[in-house]
There are 2 protein chains.
Amino acid sequence: MKEGPDFTRVAALIGDPARANILTALMSGKALTASELAAEAGVSAQTASAHLAKLRDGTLVAERKQGRHKYFRLASDEVAQVLEALMGLAAGSGHLRTRTGPKDQAMREARACYNHLAGDMGVHMFRSMRQNGHLIGPEDALRLSETGSEFVKSLGIDLENLPRSKAPLCRACLDWSARDTHLAGQLGRALLNQILSLGWAVKNADSRVVIFSKTGKSAFFETFRP
Amino acid sequence: MKEGPDFTRVAALIGDPARANILTALMSGKALTASELAAEAGVSAQTASAHLAKLRDGTLVAERKQGRHKYFRLASDEVAQVLEALMGLAAGSGHLRTRTGPKDQAMREARACYNHLAGDMGVHMFRSMRQNGHLIGPEDALRLSETGSEFVKSLGIDLENLPRSKAPLCRACLDWSARDTHLAGQLGRALLNQILSLGWAVKNADSRVVIFSKTGKSAFFETFRP
DNA sequence: TAGATGCTTCGCCCATGATCGAAGTATGAA
DNA sequence: TTCATACTTCGATCATGGGCGAAGCATCTA
């Protein structure tokens, strides 16, 4: 039997239930401690420790020690992308085991795809910015137009002081639930953060769902008009 | 320990070396028999049979019986997308075991991403068509313009007689080697087939590499000008 | 400083799943 | 019709890796 191609290991790392639960928890974009992740996965601390070491060695997660706590987060946007692609495939091919419930609907409507807004509302936002000429260029070279700079500035986003990062400012990200594109990259992150700061929405503490208030939703659709 | 999220099973299916080899072989876009896939994976016929049953049950591959032969192909473009995403992650994070060699360079330059052209040349083709106004609309709603219809017609592609399929005509597909977009969908498929028909390139029988001749490459770059 | 808490490592157990020999079924060719 | 080939199924083997108890190390708090 031949050795597998290089991606075999990556897939195998993701394909364990405990590790998959860990990665899913980290899709919320938050950094979580080893203990929290053990609870998320429903395994003991020692088991989680072994799993996290594997994920770290496989560069799927990054860790940072803070005193006696160890915080883990996904290693890159790219990991989130792979997970979303897998979710999309699973969603489209009958791998879903549970009946569709309110939570699924909430996830479809608005959720955190790692650090930016996804779901129907994320797609709506992207489309609005495209149609209003705020985002220009092909999707592989998305950039902010002048009107786009003014627009996000009017939203309270300070483009000059975004955290130093090698991530592009704008990046298209495929949304598995809407089968369409939402905005990732630094701007996508800043926009989600701003939405939260403005109080339009809150992040559900237990999941990736982003919960808009009634007034927040109105403000969102007023701001991101089709 | 909790059960994993729905995508766990998909990842686990991909994460076995024999099955990963099978899926990689099917990325060439060809339908291969069970025996051929057994050879690709380097396992016995009975082992391959068990693996293929799992992949079929997991809706990652589709099978068709033809006399005593059974042909398998990837179940959907989406499966190819997931595999490409995994390849990209593996490529970007030091999971590569072998040194970069001529074959890798050839894969980067031009390869079949399932049924359409990928790699640098695939990206070039997409970009050319974008910049020349042949492809218009946001990437999530790509479509052919009127000049685009004329263009592909002048290439010898009969848009009226494309095979019936629910796949979109134009779809953007992320290219892991170029980290950019190439054209998938029915048009992407037709373009690759036309390139092969025109004799500009041939498919390497043992891999996904698409080998352009000197004259074919000239014709390609002449046709798809920046 | 002692005790509590977070995390890691070691050692052992065992469930799982990949593997192949053997045998059977289906199809094709001479 | 017989033999060859393609593929599947069954049964047994065994390597792998996930799991946790126990113990140890690092850090924090009272």
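Labels below follow one simple rule: chain letters A, B, ... track the order of the sequence lines, proteins then strands, and each chain is numbered from 1. Values below: all heavy atoms of this structure, side chains included; hydrogens, waters and symmetry mates excluded.
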Please give me the minimum heavy-atom distance between B:P5 and A:P17, naming the atom from each residue.
CD-O, 4.4 Å
How would you list, by chain and number, every residue that makes a salt bridge (Lys or Arg N to Asp or Glu O under 4.0 Å) with B:K217, sequence neighbours excluded?
B:E109
Give the first and the last nucleotide of DNA chain C, reading 5' to 3', that has any atom under 4.0 Å from a heavy atom of chain A.
C:dA4 to C:dT19
Once base and sugar-phosphate atoms are separated, protein heavy atoms under 4.0 Å mark nucleotides 7-17 of chain D, 5' to 3', with B, S and - as SBB--------
Cut-off 3.5 Å, no hydrogens considered: what does the side-chain donor-acceptor table look like for residues 47-54 of chain A, sequence neighbours left out?
unit_1	atom_1	unit_2	atom_2	d
A:T47	OG1	A:S44	OG	3.0
A:H51	ND1	A:R19	NH1	3.0

In short, A:V43 meets A:A18 closest at the heavy-atom pair CG1-CB, 4.2 Å
When A:L83, A:V82, A:D16 are each screened for side chain to side chain contact (heavy atoms under 4.5 Å, CB included) with A:L23, the one that passes is A:L83
With sequence neighbours left out, write down each residue that passes ring pair (Phe, Tyr, Trp, His ring centres under 6.0 Å) with A:F212, or none if nothing qualifies.
A:F220
What I want to find out is whether B:R111 reaches B:E84 closely enough, with some N-O distance under 4.0 Å, to be called a salt bridge.
yes
Using whole Å, report how far CD of B:E3 lies from P of D:dG19.
13 Å
Mind checking what makes salt bridge (Lys or Arg N to Asp or Glu O under 4.0 Å) contact with A:R56, not counting sequence neighbours?
A:E63
